[in-house]
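Report on one structure; see the data block that follows.
So that the names make sense, note that chain A is the first sequence line, chain B the second, and so on, each numbered from 1.
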Amino acid sequence: MTIYIYNTLTKKKEEFIPVDPGKVKMYVCGMTVYSDAHIGHARTYVAFDIIRRYFEYKGNKVHYVQNITDVDDKIIAAAKQEGIDPLEYSKRFTDQCLADLDALGIRRADQYPKASETIPDMIHMIKQIIHRGYGYVADGDVYFSVETFSDYGKLSGQNIAEMKKGARVEPGENKRSPLDFALWKKAKPGEPVWQSPWGPGRPGWHIECSTMSCSLLGPTFDIHGGGMDLQFPHHENEVAQSEAASGKQFARYWMHIGLLTINGEKMSKSLGNIINVKDLLKAWDAEVLRMFFAQAHYRSPPDFSEKALTDIQKGRERLHRVKERLEETVKHAPSPKLSLPSLSESETQYMETIKQLKESFEEAMDNDFNTPKAFASLYEFVNKTNRFFEQHKTPDPGLCKHTLDVLLRIGYVLTLFQPKINTTQDADVELINKLQGLLQSFGKTVEAHSTDKLIEALLRTREEARTHKNWDIGDRIRKNLEQLGFEIQDTTSGPVWRKK
RNA sequence: GGGCGGGUAACAAAGUGUCUAUGUGACGGACUGCAAAUCCGUAUACGAAGGUUCAAAUCCUUCCCCGCCCUCCA
């Protein structure tokens, strides 16, 4: 089945046909690295991570490029405040921002070109733009002449006449028309400077994306994406520059991610409500955050709140319990293999559930990466699987293995069940200390230094108390363990626990 | 003013012509010492008014609200 994508360029859902069959070339506007990565970044890059993973799931080879803007007004200003070199400053934040995204469990793009390292290519492209009559030099600055590019406005639906009404030329600019934008900015004191045919200066913002995408993916490539806010003017200008320079179509599909709000408000510096990824990860599991993003469609603006994350977290528990239940069955079999003839009638019926999951997942994702619907399929599967387990206390391990394989494959696309990378050793030590303390408070000690052993010791203590109908102690142990993030369930075959 | 997207149950969020979306929460039941988990069942929807249609949350018309972009932004 083919994938349909809502293309901002045409404002329609279109069948995705790559330039080269089986290959997907995508470029996503990356971060301007002047402070830590925030949840707005996270929202966008989680969305594209899932999109990328789904393309791969469908057997495509994906070439994913994401730029790093390391030369920019805000970086220069911030570096100045700290009294250090702007490029050194941005280098530091490049590493930091990428580490933030790593911690969130977002897979890295294939390439992260940096503006500062692509200047010769940019100069080359600007030359081409001038040569083809779309750019002009004005006293050391170079501008793109918007009115010479007849397709200008096609991405954002703007028209030149309307825009001219409200546009103004800033004092000190040498633009011929207020709509024109800078390709190259004349050097100012204290700013990073590169030599160019038009004198010393630095590139304008929009040109870097045109240059980097063209040089790494070719003049025409498949997908260009970014936050909704970049549609105009950034992406509009990119289209103009790139097509002016090459004479060919630039990106074929434009994808824009709905911007995150916080408690119903726009996230912005002036409102002071910017939340850093780093801070958020102190309180929340990365997977909860990714699920939160994925349970809104990528074009919708999700509203961030504690309540939203709490709700998501509960749903996530259900998914994990089912996964763990399947794993448990598989674990106890030596080499589980699916053998259809040996399945019982109801097990054969359950095979249908697995097939349905796969089909409805793909149907949802094929339709413009409808992740909320994909999750709905997953939850339906969870319900049916639980029902199946109600009837089969010991289902066929081969069947469970097969189910697990399908679940994990789908989970991978939706960034579920990834190994955690943000648990530190310190946290483990702290937890062990707390567990030991808890055990001691019930008058017990145990020569153990693993969480597993300690929890089991606590549960034994609890069982002792419970056999004497000493419910108070039992309940206290359970409550304490729950506060430490462990779920305790008393089943007919004794207590079981799991990490939440 | 110009451009774009919305309004779906308590909240979140899909659907876009007939088919229980889904998650969290609420209520009732089973299970349990109590919980938890799980299962079974129940309730609460499509901003408003008209229209088209056998059939509308979905299409059309009008109206009312909300958000975003047009300056830097993921």
Side-chain angles (χ1 to χ4, degrees), chain A residues 8 11 28-32 34 37-48 66 69 72-74 77 97 101 153 155-159 161-168 170 179 205 225-234 236 256-261 264-269 274 291-292 295-297 299-303 305 307-319 321-322 325 360 364 367 370-383 385-391 466 469-472 474-475 478-479 482 487-492 495-498:
Chain A
T8 315
K11 289 166 189 63
V28 172
C29 283
M31 296 174 280
T32 301
Y34 68 101
H38 56 67
I39 51 172
H41 293 125
R43 195 279 187 274
T44 296
Y45 302 126
V46 165
F48 281 110
Q66 196 182 114
T69 300
D72 153 278
D73 292 351
K74 272 184 301 236
C97 287
L101 299 186
L155 179 66
S156 56
Q158 310 281 328
N159 82 65
E162 278 302 331
M163 282 190 293
K164 275 177 90 167
K165 285 183 191 164
R168 296 210 188 341
E170 296 289 319
L179 300 183
W205 174 37
M228 205 76 100
D229 53 336
L230 297 181
Q231 190 182 344
F232 188 88
H234 184 54
E236 191 67 62
H256 289 102
I257 309 298
L259 292 197
L260 180 107
T261 56
E265 283 181 316
K266 186 189 157 164
M267 183 171 80
S268 75
K269 249 190 171 169
I274 292 179
M291 272 182 74
F292 163 68
Q295 288 198 47
H297 184 87
R299 282 188 281 117
S300 308
D303 186 41
S305 66
K307 156 105 170 68
L309 292 189
T310 307
D311 287 357
I312 292 289
Q313 191 167 32
K314 286 175 184 161
R316 165 173 165 270
E317 289 306 314
R318 302 189 66 214
L319 293 174
R321 270 185 221 110
V322 155
R325 229 168 160 178
S360 60
N367 184 10
N370 193 333
T371 50
K373 209 173 175 194
F375 270 96
S377 320
L378 220 39
Y379 286 119
E380 260 166 49
F381 161 82
V382 165
N383 184 254
T385 302
N386 280 328
R387 205 180 302 169
F388 175 68
F389 270 103
E390 290 285 304
Q391 287 155 6
R466 291 179 74 221
K469 298 210 190 294
N470 209 337
W471 306 127
D472 182 48
D475 291 351
R478 182 171 65 198
K479 209 173 156 210
E482 266 163 13
E487 180 180 289
I488 311 302
Q489 291 177 31
D490 295 315
T491 69
T492 43
V496 291
W497 66 275
R498 58 182 288 277

Of all the nucleotides listed ([options]), which has the minimum atom distance to the side chain of [X]?
{"X": "Lys74(A)", "options": "U22(B), C72(B), A74(B)", "answer": "C72(B)"}
{"X": "Gln489(A)", "options": "G33(B), A36(B), A74(B)", "answer": "A36(B)"}
{"X": "Tyr379(A)", "options": "A14(B), A74(B), G23(B)", "answer": "G23(B)"}
{"X": "Arg466(A)", "options": "G33(B), U38(B), A14(B)", "answer": "G33(B)"}
{"X": "Glu390(A)", "options": "A37(B), A13(B), U38(B)", "answer": "U38(B)"}
{"X": "Lys266(A)", "options": "C69(B), A74(B), U24(B)", "answer": "C69(B)"}
{"X": "Lys373(A)", "options": "A36(B), A14(B), G33(B)", "answer": "A14(B)"}
{"X": "Lys307(A)", "options": "C11(B), C34(B), A14(B)", "answer": "C11(B)"}
{"X": "Asp311(A)", "options": "A74(B), C11(B), A14(B)", "answer": "C11(B)"}
{"X": "Asp229(A)", "options": "A74(B), U38(B), A35(B)", "answer": "A74(B)"}

So what does [X] hit on the nucleic acid, given a heavy-atom distance under 4.0 Å: a base, only sugar-phosphate, or nothing?
{"X": "Asn383(A)", "result": "sugar-phosphate"}
{"X": "Tyr45(A)", "result": "sugar-phosphate"}
{"X": "Thr8(A)", "result": "nothing"}
{"X": "Ile39(A)", "result": "nothing"}

Practice item. Write down the partner of U58(B) under the Watson-Crick or G-U wobble criteria, each distance required to be under 3.5 Å. Key: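 Base partner found: none.
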**Study point:** Nucleotide opposite G67(B) in a Watson-Crick or G-U pair, distances under 3.5 Å
**Key:**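 Pair assignment: G67(B) / C4(B).
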Protein-nucleotide distance ([X], atom [atom1]; [N], atom [atom2]), rounded to Å:
{"X": "Met163(A)", "N": "G1(B)", "atom1": "CE", "atom2": "P", "value": "18 Å"}
{"X": "Met267(A)", "N": "A74(B)", "atom1": "CE", "atom2": "P", "value": "9 Å"}
{"X": "Asp303(A)", "N": "G67(B)", "atom1": "CG", "atom2": "C1'", "value": "11 Å"}
{"X": "Phe232(A)", "N": "G3(B)", "atom1": "CZ", "atom2": "P", "value": "13 Å"}
{"X": "Ile312(A)", "N": "G25(B)", "atom1": "CD1", "atom2": "C1'", "value": "14 Å"}

Side-chain N,O ([X]) to OP1/OP2 ([N]) below 4.0 Å:
{"X": "Ser305(A)", "N": "A12(B)", "value": "no"}
{"X": "Asn386(A)", "N": "A37(B)", "value": "no"}
{"X": "Arg318(A)", "N": "U38(B)", "value": "yes"}
{"X": "Asn159(A)", "N": "G3(B)", "value": "no"}

Review point. If you pin Pro233(A) and Trp471(A) to their nearest nucleotides in RNA chain B, which one's is more 5'?
Key: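 Comparing both residues, the 5'-ward one is Trp471(A).
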Check your understanding: More 5' along RNA chain B: Thr261(A) or Thr491(A), using each one's nearest nucleotide?
Key ->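 Residue closer to the 5' terminus by nearest nucleotide: Thr491(A).
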Taking atom [atom1] of [X] and atom [atom2] of [Y], what is their separation to the nearest 0.5 Å?
{"X": "Arg466(A)", "Y": "Trp471(A)", "atom1": "CZ", "atom2": "CH2", "value": "5.5 Å"}
{"X": "Arg478(A)", "Y": "Glu487(A)", "atom1": "CZ", "atom2": "CD", "value": "11.5 Å"}
{"X": "His297(A)", "Y": "Lys373(A)", "atom1": "NE2", "atom2": "NZ", "value": "12.0 Å"}

Exercise for review: Check if the side chain of Arg321(A) and the base of A37(B) share a donor-acceptor pair of N or O atoms closer than 3.5 Å.
Suggested key: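 Answer is no: no donor-acceptor pair is held.
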Check your understanding: With distance as the sole criterion, do the side chain of Arg387(A) and the base of C40(B) form a donor-acceptor contact below 3.5 Å?
Key ->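 Such a pair does not exist between side chain and base.
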When you compare the protein's N or O atoms with those of nucleotides 29-31 of chain B, which come within less than 3.5 Å of each other, and at what distance?
none

Review point. Going by the angle between their ring planes, with limits at 30° and 60°, are Tyr45(A) and His41(A) parallel, tilted or perpendicular?
Key: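 The rings of Tyr45(A) and His41(A) lie parallel, inter-plane angle below 30°.
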Practice item. For A10(B) and A56(B), measure between their P atoms and round to the nearest Å. Key: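 About 23 Å, rounded to a whole number of Å.
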Review point. Please walk me through it: do Arg321(A) and Asn386(A) pass side chain to side chain donor-acceptor pair (under 3.5 Å)?
Key: CA-CA 10 Å; Arg321(A) 270 185 221 110; Asn386(A) 280 328; over 6 Å; no
